[in-house]
Amino acid sequence: QADIFMRKEFILFCIFAALTPLLYSQTPVVNAKKRTATITINGNPNEATWEFTNTVTKPIIGTSNNTVTYAVLWDSLYLYVAVKVIDANKFNDSANPWDDDAVEIYVDAENNGGTSYGANDRQFMKEWNSSSAWEKTNKTSGLTHAWSNISGGYAIEMRIAWSNMAIVNPAPGFRIGFDIASDDDDNGSARESQVMWAGDANNWQYPQNFGDLVLVTTGDTQAPTAPTNLTASSITQSSLTLNWTAATDNVGVTGYDVFRNGTKINTSPVTATTYNVTGLNAATAYQFYVQAKDAAGNTSANSNTINVT
């Protein structure tokens, strides 16, 4: 009996270990394209390879009057981050960098969404009008940084060595926890506001609510295979559960979209192969299908369609 109990414990442990990465798959997700041109870290991210398509708008403290966008790139040695802040009033006069105009960059190197910072997790800060950079535990080895004034505000650039975070041989499909914050001081005292891309006011304490950053190549045009074997279970008058067989991809499937009567119903990528549908009406016909996506934004063909009444 003891032997049977130990075998059951081992099986449960294996199941938990397999599911743990899914528990901490985080949204939103940003794709970092591989660097294809020289980047000069001078605080002025004017190279054409930068794509400032990501906005930082989530209110954390106060009401921001700034516009913040960022771009990310990577190569085999470094993660590159550039942030533009449109800000009419800029100050650097406080003892703490977060109380001035500054940009914060957060990294969860293992992407395990821990309840405290691990040895390889980072919180970097770069202030406007400062020659230095701050890191939560003073781990700035392999960090290159700069700032500059730009029209209407300022910009910062960081080149972070993968070795700083004990990351070895990053490749397309590799995923880390990631976030951006912007601190705003408008009157020369403490900051009046802070906005973030993904997380919350606890980012400085733990990485559990960061978003995800996925490494992609610029040349990945191959779509994932279509999910298969879509079925419905646990059907009630107002809900059901969809299950399907995972799609495959040459780099990696990053999530699924679920469609009801031709309309996508999930608000963020589904990272498991199951989805609970609610809000259904009795005696109503519904059609469901699922699509898979990869880090480059390629979308699969539809799965099989099922009809549920």
Side-chain angles (χ1 to χ4, degrees), residues 26-30 32 41-46 50-73 79-108 117 121-136 140 143-160 176-213:
Q26 300 165 116
T27 55
V29 177
V30 61
I41 305 301
N42 58 7
N44 185 16
N46 58 0
W50 289 115
E51 297 180 2
F52 287 89
T53 57
N54 308 290
T55 59
V56 181
T57 59
K58 186 176 182 180
I60 304 299
I61 297 171
T63 301
S64 176
N65 55 10
N66 295 345
T67 300
V68 185
T69 56
Y70 76 91
V72 284
L73 296 164
L79 173 67
Y80 300 80
V81 184
V83 183
K84 292 182 178 181
V85 182
I86 304 305
D87 182 4
N89 302 297
K90 302 181 292 292
F91 288 89
N92 181 343
D93 58 357
S94 302
N96 299 318
W98 54 86
D99 280 327
D100 291 323
D101 284 286
V103 169
E104 305 186 30
I105 299 172
Y106 303 85
V107 177
D108 179 5
Y117 271 67
D121 299 335
R122 300 287 182 266
Q123 180 188 10
F124 298 103
M125 291 191 197
K126 180 66 179 175
E127 295 172 88
W128 169 78
N129 196 26
S130 175
S131 60
S132 63
W134 181 94
E135 198 284 316
K136 185 180 182 72
T140 57
L143 177 68
T144 304
H145 53 88
W147 73 275
S148 71
N149 288 312
I150 60 173
S151 178
Y154 70 99
I156 70 97
E157 291 180 299
M158 280 196 187
R159 185 180 67 194
I160 307 166
I176 60 175
F178 181 79
D179 210 351
I180 297 282
S182 173
D183 301 310
D184 184 28
D185 177 9
D186 279 339
N187 58 19
S189 58
R191 66 184 171 192
E192 279 71 53
S193 66
Q194 181 189 60
V195 289
M196 285 184 183
W197 174 60
D200 60 23
N202 293 310
N203 268 23
W204 67 279
Q205 298 187 92
Y206 51 74
Q208 199 166 50
N209 297 313
F210 295 1
D212 273 7
L213 181 148

Undergrad: Would you please say whether a donor-acceptor pair under 3.5 Å links the side chains of Asn66 and Ser64?
TA: no
Undergrad: Not counting sequence neighbours, which residues clear side-chain hydrogen bond (donor to acceptor under 3.5 Å, both in side chains) with Ser148? List them please.
TA: none
Undergrad: Give me the one residue out of Phe124, Trp204, Trp98 that meets ring pair (Phe, Tyr, Trp, His ring centres under 6.0 Å) with Trp134.
TA: Trp98
Undergrad: Got a sec, which residues hit salt bridge (Lys or Arg N to Asp or Glu O under 4.0 Å) with Asp101, two or more places apart in sequence or on another chain?
TA: none
Undergrad: If you look only at pairs with a residue in residues 50-62, which of them pass as a salt bridge (charged side-chain N to carboxylate O under 4.0 Å, His left out), with sequence neighbours excluded?
TA: Lys33-Glu51
Undergrad: Residues two or more places apart in sequence or in another chain: which of them pass side-chain contact (heavy atoms from CB on, under 4.5 Å) with Ala71?
TA: Trp50, Phe52
Undergrad: With sequence neighbours excluded, what pairs up with Trp147 under the side-chain hydrogen bond (donor to acceptor under 3.5 Å, both in side chains) test?
TA: none
Undergrad: side-chain hydrogen bond (donor to acceptor under 3.5 Å, both in side chains) with Thr63: which residues, sequence neighbours excluded?
TA: none
Undergrad: Could you work out, with ring-ring contact (aromatic ring centres under 6.0 Å, His included) as the rule, every residue matching Tyr106, not counting sequence neighbours?
TA: Phe210
Undergrad: Could you work out, with side-chain contact (heavy atoms from CB on, under 4.5 Å) as the rule, every residue matching Thr55, not counting sequence neighbours?
TA: Thr57, Thr69
Undergrad: Test of understanding: with side-chain hydrogen bond (donor to acceptor under 3.5 Å, both in side chains), list the residues that count as partners of Asp121, not counting sequence neighbours.
TA: none
Undergrad: Under the salt bridge (Lys or Arg N to Asp or Glu O under 4.0 Å) rule, collect the residues that match up with Glu157, sequence neighbours excluded.
TA: none
Undergrad: According to salt bridge (charged side-chain N to carboxylate O under 4.0 Å, His left out), does anything in residues 185-200 pair up with another residue at least two apart or in another chain? List the pairs.
TA: Glu104-Arg191, Asp183-Arg191
Undergrad: According to side-chain contact (heavy atoms from CB on, under 4.5 Å), who are the partners of Thr140, at least two apart in sequence or on a separate chain?
TA: Glu135, Leu143
